[in-house]
Amino acid sequence: MMNENQIFDIARQYINHARYNQSMNIELASEIIINSLKKGGILIAFGSGHSIAGALELVNRRGGLIPARLLIEPSFGKYEVIEGYGSRLMEEVDLRENDVFFIISNSGINPLIVEIAEKVKSKGVKLIALTSLKGSKELRSNHSSGKKLYEFADVVIDNNVPALDVCISIEGIEADVVGISSIANSVLLQPVIIRVIQVLKEDGFGHLVYDVSSNSEETQLQQQKTFVLYKDRLLRNDNAIIG
Amino acid sequence: MKDRIFDEALLILDRVQKTQMISIKDAADTIAQSMKQGGILQGFGSGYYLSGARELCHRVGGLMPTKIIYEPSYGRFESIQGVGTKTMQTVDVRPEDVVVITSHSSIIPSVVEVAIEAKKQGASLIVITSMAGAQRLYPLHATGKKAYQLADVVIDTCFPYSEDMFDVEGNDTQVVGLSYYATVVILQTITMLVIGKLADLKLSQLIIGASGSKLDPKKVPIMRDTYQEYKKRTQRY
């Protein structure tokens, strides 16, 4: 007999994991993003396949950060195992020293992820990784370098999700099923972004935040000015690669 | 601040679990019945809610007969009437299929049009939305319709209108919140229940097993054949 509440029970365990085991990493990741944005950098978020959900938690959100964008790769995960694709893709990405790059990948072992991480660090840009440390360590890298995402990162937020990102056993099905990483990741990413916004506002950088709660002319004008300032880096159609 | 987020996430789980399990089970029944009849699940979400479709479709440990309905602008033109209708003109939706829409408000024109077109094709429609917001907000589509009004099954994310956001202490602003969190918990519970039903129906070949998992090697060719059978309808592009 299936326990229909299993996902809810597992989700509660991941809230506890975030609260009690990842507070420090959440704080460190927030500090990196704050420093980058204060220096005029932007946040670029990337997740391949379903991990795009994590990247979307960080950018283009109501009440979120203005200097933030998604890196969309055109194959939507289809080429993630092909060596050379990530390196070639990154040649077309405008990455600057004050930017911060945030990669979400459960295993962190596929060539696309490894090559993006390698390129980010080769340009001296800070890298934050949201990954499963135990999962990544259990699996062998799919890249010929043998490297994995977490080895490149300045800060690793560990989602503690099983290596294959499946968590439920069901009678009659041999393999475990049901992906859990998006549930685990959501409660790890929200505190990061909210902490960033809180500090930016306290430190006089509130103009970097979409203020949806205020309709005042002054706020609207300030936000328009911020958009103009970052327009060349944020417009979604200025380049076929970044969406 | 962090503790407030975690406390809020726990409250969300309680609210959804206490009030939405019947609708979640209805959704799972609808999808399992569709797949039993050879139908596929088609996921749609605009902009940020593309994540909902990604959660349901082409996911290891999830359901194989699935497809994402891609809107080429990824939500940039979601408020323009005609975008959803035009998108759906090239999407193959059949009466035996299920379309699942995730939308916080249910009022965005492209989302409403995808719902209208799905129903025109005779497919079952499941909408996951914030009912408090959807009921309160003024419709943005000329028909006056909201996506949830067209649905066969509605699942409420239980977010009071605009309380998907957090107040930042000491500031007069609201920032990003956990509305997607409720959605993803609902979606994965649906996936789990559908898989259970498919197992009962001896249709385990419709589940995507993780490579490297304890999958019976004898079943791999059966899964490959099944994938070939569905390939034309579920391809990503």
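Letters A, B, ... are given to chains in the order of the sequence lines, protein chains preceding strands, and every chain is numbered from 1. Remember, it's a predicted structure, so these values are computed and weren't measured experimentally.
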Assess whether side chain to side chain contact (heavy atoms under 4.5 Å, CB included) is satisfied between A:Arg19 and B:Leu10, documenting all intermediate values. CA-CA 12 Å; A:Arg19 191 197 296 262; B:Leu10 288 169; 3.7 Å; yes
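- Within the model, atoms CE of B:Met192 and CD of A:Gln6 stand 5.5 Å from one another, a figure rounded to the nearest 0.5 Å.
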Could you walk me through whether A:Cys167 and B:Gln188 pass side chain to side chain contact (heavy atoms under 4.5 Å, CB included), step by step? CA-CA 11 Å; A:Cys167 63; B:Gln188 289 301 359; over 6 Å; no
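- Within 6.0 Å of atom OH in B:Tyr48, more than 12 heavy atoms from other residues, nucleotides or ligands are found, so the atom counts as buried in its surroundings.
- Within a 6.0 Å radius of CD in A:Glu171, other residues, nucleotides and ligands contribute 12 heavy atoms or fewer.
- The two residues A:Phe8 and B:Met21 come nearest to each other via the heavy atoms CE1-SD, 3.7 Å.
- Using a 4.5 Å cut-off between heavy atoms, B:Asp200 makes no contact with chain A at all.
- When heavy atoms are compared at a cutoff of 4.5 Å, B:Lys202 does not approach chain A at all.
- More than 12 heavy-atom neighbours from other residues, nucleotides or ligands sit within 6.0 angstrom of NZ on A:Lys38.
- Between B:Ser51 and A:Leu56, the shortest heavy-atom distance links the atoms OG-CD1, 3.1 Å.
- The 12-atom threshold is exceeded at NZ of A:Lys134, counting heavy atoms of other residues, nucleotides or ligands nearer than 6.0 Å.
- With a 4.5 Å cut-off on side-chain heavy atoms, A:Gln190 and B:Glu8 do not count as touching.
- Taking non-hydrogen atoms and a 4.5 Å limit, the residue list of residues 104-112 of chain A in contact with chain B is empty.
- Heavy atoms of B:Glu55 lying under 4.5 Å from chain A belong exclusively to its side chain.
- Of all the heavy atoms in A:Pro191 and B:Ile5, the pair that sits closest is CA-CD1, 3.5 Å.
- Between B:Arg59 and A:Ser181, the closest heavy-atom pair is NH2-OG, 3.1 Å.
- Taking NE2 of A:His17 as the reference point, atom CZ of B:Phe6 lies at 9.5 Å (rounded to 0.5 Å).
- In this structure, chain B has no heavy atom under 4.5 Å from any part of A:Leu139.
- Heavy-atom pairs under 4.5 Å with chain B were tallied for A:Gly179, A:Ala53, A:Gly54, A:Gly47; the largest tally goes to A:Gly179.
- A pairwise comparison of heavy atoms in B:Ser204 and A:Ile173 identifies CB-CD1, 3.5 Å as the closest pair.
- For B:Arg54 against A:His50, the heavy-atom pair with the smallest separation is NH2-N, 3.8 Å.
- If you measure heavy-atom distances from A:Ser23 to chain B, the contacts under 4.5 Å come from both the backbone and the side chain.
- Within the 4.5 Å cutoff, side-chain heavy atoms of A:Arg12 are placed close to those of B:Asp14.
- Listed options B:Val185, B:Leu63, B:Thr191 were ranked by heavy-atom pairs under 4.5 angstrom with chain A; first place goes to B:Val185.
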Go through the steps to decide whether A:Ile15 and B:Leu13 satisfy the test side chain to side chain contact (heavy atoms under 4.5 Å, CB included), and finish with yes or no. CA-CA 11 Å; A:Ile15 292 171; B:Leu13 294 176; 3.7 Å; yes
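- Most heavy-atom pairs under 4.5 Å with chain B, from the set A:Gly206, A:Ser51, A:Gly172, A:Ala18: that is A:Ala18.
- Contacts between B:Leu193 and chain A at a heavy-atom distance below 4.5 Å involve backbone atoms as well as side-chain atoms.
- The one candidate from A:Asn185, A:Ile183, A:Ile7 that meets the side chain to side chain contact (heavy atoms under 4.5 Å, CB included) condition with B:Val184 is A:Ile183.
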